[in-house]
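We number each residue from 1, following the sequence as shown. Read the numbers this way: they start at 1 and go in the same order the structure lists the ligands and their atoms.
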Amino acid sequence: MKFFIDTAEIDEIRSLAPSGLVDGVTTNPSLIAKSGRDFKEVIAEICDVIDGPVSAEVAATDSEAMIAEGKALAGIAGNVCIKLPLTFDGLVACRTLVDAGHETNVTLCFSANQALLAAKAGATYISPFIGRLDDMGIDGMDLIEEIRAIYDNYLFETQILAASIRTVNHVRASALAGADVATIPPSTLYALAKHPLTDKGLDAFLKDWAKTGQSIL
Ligand code: G3P
C-alpha cells in the first residue's frame with residue numbers, strides 16, 4: 001500500500017519526508033486555503049520535497065476550463081497529479097488530460113458507479129471519501145470493497161486512493177480491502193506507529209538495560 005500525506009502544510013511534509021514513508025501528497029482547495037499560501041508556490045515547494053505524485057485540484061467546473069487549469073497545474077512541476085471532481089465535466093476533462101499524458105486523481109467519489117466511470121475515463125487514481133460517508137452513517141469501507149471488486153472484475157488499472165481518512169482503523173480497513181493508496185493526515189500517520197504495549201515493553205527493556213551499566217557505543 002502506498003501512503004500519501006493529505007496536507008498542504010509544507011513544514012509537516014518536510015518533517016515526514018526523511019521517514020521514507022511518504023509516497024506522495026494530496027491537496028485540495030480547502031487544504032490550500034488552510035495553508036494561507038499562494039497555490040503555485042506551495043505546490044511547487046511540495047513537489048520539490050516529495051518525488052512522488054502531488055495532487056493539485058482544479059477550481060473550474062466546466063470541462064474546457066478544467067483542462068486548461070489542469071495543464072497549468074501540471075506545468076508547475078513534473079510530479080503534479082491533476083485532481084478533478086467526479087462530475088461529468090470532470091470525467092470529460094480526465095479523459096482528455098490522460099490522453100495528453102497527464103496523471104489524474106478523480107476526487108469526491110461517493111459511489112461505485114462514480115468509480116466505474118472514473119476508471120472508464122482513464123483516471124490514474126480514484127479518491128473515495130470514506131470519512132464523509134461515515135459522517136452520514138454509511139460505511140465508507142463498503143465503497144472501497146465494491147470499487148476493488150469492480151476494478152478487479154474488469155482489470156481496470158485505476159488505483160484506489162482511500163481518502164477522507166480520519167482514523168488508524170480507516171487505514172487498516174482500507175489495506176484489508178485492497179486499496180492501492182491511503183492518503184493520510186500527518187497526525188494519523190504518526191498514530192499508526194503507536195501502541196501502548198510497545199511503549200510499555202520498550203520502557204521495561206530500557207530500565208533493564210540501564211541496570212547492566214553497559215553502553216553499545
Ligand atoms: O483528500 C480528501 C480529504 O482532504 C478530505 O478529508 O476529512 O475533509 O473529509 P475530510
Side-chain angles (χ1 to χ4, degrees), residues 1-13 15-17 21-37 39 42-43 45-47 49-50 52-61 66 69-70 73 76 79-87 90-91 93-94 103-112 114-115 118-119 123-144 147-148 158-175 177 179-192:
M1 174 179 253
K2 287 178 275 189
F3 282 173
F4 291 1
I5 299 302
D6 194 39
T7 184
E9 302 298 331
I10 191 66
D11 290 344
E12 291 181 330
I13 295 168
S15 298
L16 280 167
L21 294 172
V22 179
D23 301 303
V25 173
T26 54
T27 72
N28 60 45
S30 299
L31 293 173
I32 296 292
K34 183 181 175 188
S35 76
R37 296 189 55 190
F39 78 94
V42 71
I43 294 296
E45 202 168 336
I46 294 171
C47 288
V49 174
I50 300 295
V54 176
S55 289
E57 189 162 343
V58 301
T61 54
M66 286 171 163
E69 288 186 356
L73 290 170
I76 295 172
N79 54 327
V80 165
C81 177
I82 302 164
K83 214 176 189 184
L84 301 152
L86 212 158
T87 61
L91 294 167
C94 179
E103 281 204 345
T104 58
N105 177 358
V106 175
T107 189
L108 289 168
C109 172
F110 295 97
S111 77
Q114 286 182 316
T124 311
Y125 302 98
I126 182 66
S127 289
F129 276 33
I130 302 167
R132 296 192 188 184
L133 285 168
D134 286 0
D135 293 344
M136 293 183 66
I138 300 168
D139 188 343
M141 293 318 306
D142 289 344
L143 178 56
I144 302 288
I147 297 171
R148 179 74 285 157
T158 299
Q159 296 180 59
I160 302 172
L161 197 170
S164 186
I165 283 183
R166 311 271 176 78
T167 69
V168 295
N169 286 332
H170 279 158
V171 178
R172 174 180 172 273
S174 295
D180 300 285
V181 188
T183 191
I184 311 170
S187 59
T188 305
L189 180 60
Y190 285 114
L192 288 174

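- Checked against side-chain contact (heavy atoms from CB on, under 4.5 Å), Thr87 has the following partners two or more places apart in sequence or in another chain: Met66, Pro85, Asp89.
- Of all atoms in ligand 1, numbered sequentially from 1 with element shown, those under 4.0 Å from a heavy atom of Phe129 are 2 (C), 5 (C).
- Within ligand 1, counting atoms from 1 as listed, the ones closer than 4.0 Å to a heavy atom of Arg132 are 5 (C), 8 (O), 9 (O), 10 (P).
- When each atom of ligand 1 is checked for a heavy atom of Arg166 under 4.0 Å away, the hits are 7 (O), 9 (O), 10 (P).
- Considering only non-hydrogen protein atoms, atom 6 (O) of ligand 1 sits nearest to Ser164 CA, 3.6 Å.
- Remark: ligand 1 atoms within the under-4.0 Å shell around heavy atoms of Asn28 are 2 (C), 3 (C), 4 (O).
- Side-chain atoms of Asp23 and Val181, non-hydrogen and from C-beta on, never get closer than 4.5 Å to each other.
- The line from CD1 of Ile46 to CD1 of Ile10 is 5.0 Å long, rounded to the nearest 0.5 Å.
- If you take CD1 on Ile13 and CD1 on Ile5, they are separated by 8.0 Å, rounding to the nearest 0.5 Å.
- Near Asp6, meaning under 4.0 Å from one of its heavy atoms, ligand 1 places the atoms 1 (O), 2 (C), 3 (C), 4 (O).
- Counting heavy atoms from C-beta outward, Ile32 and Ile43 have side chains that approach closer than 4.5 Å.
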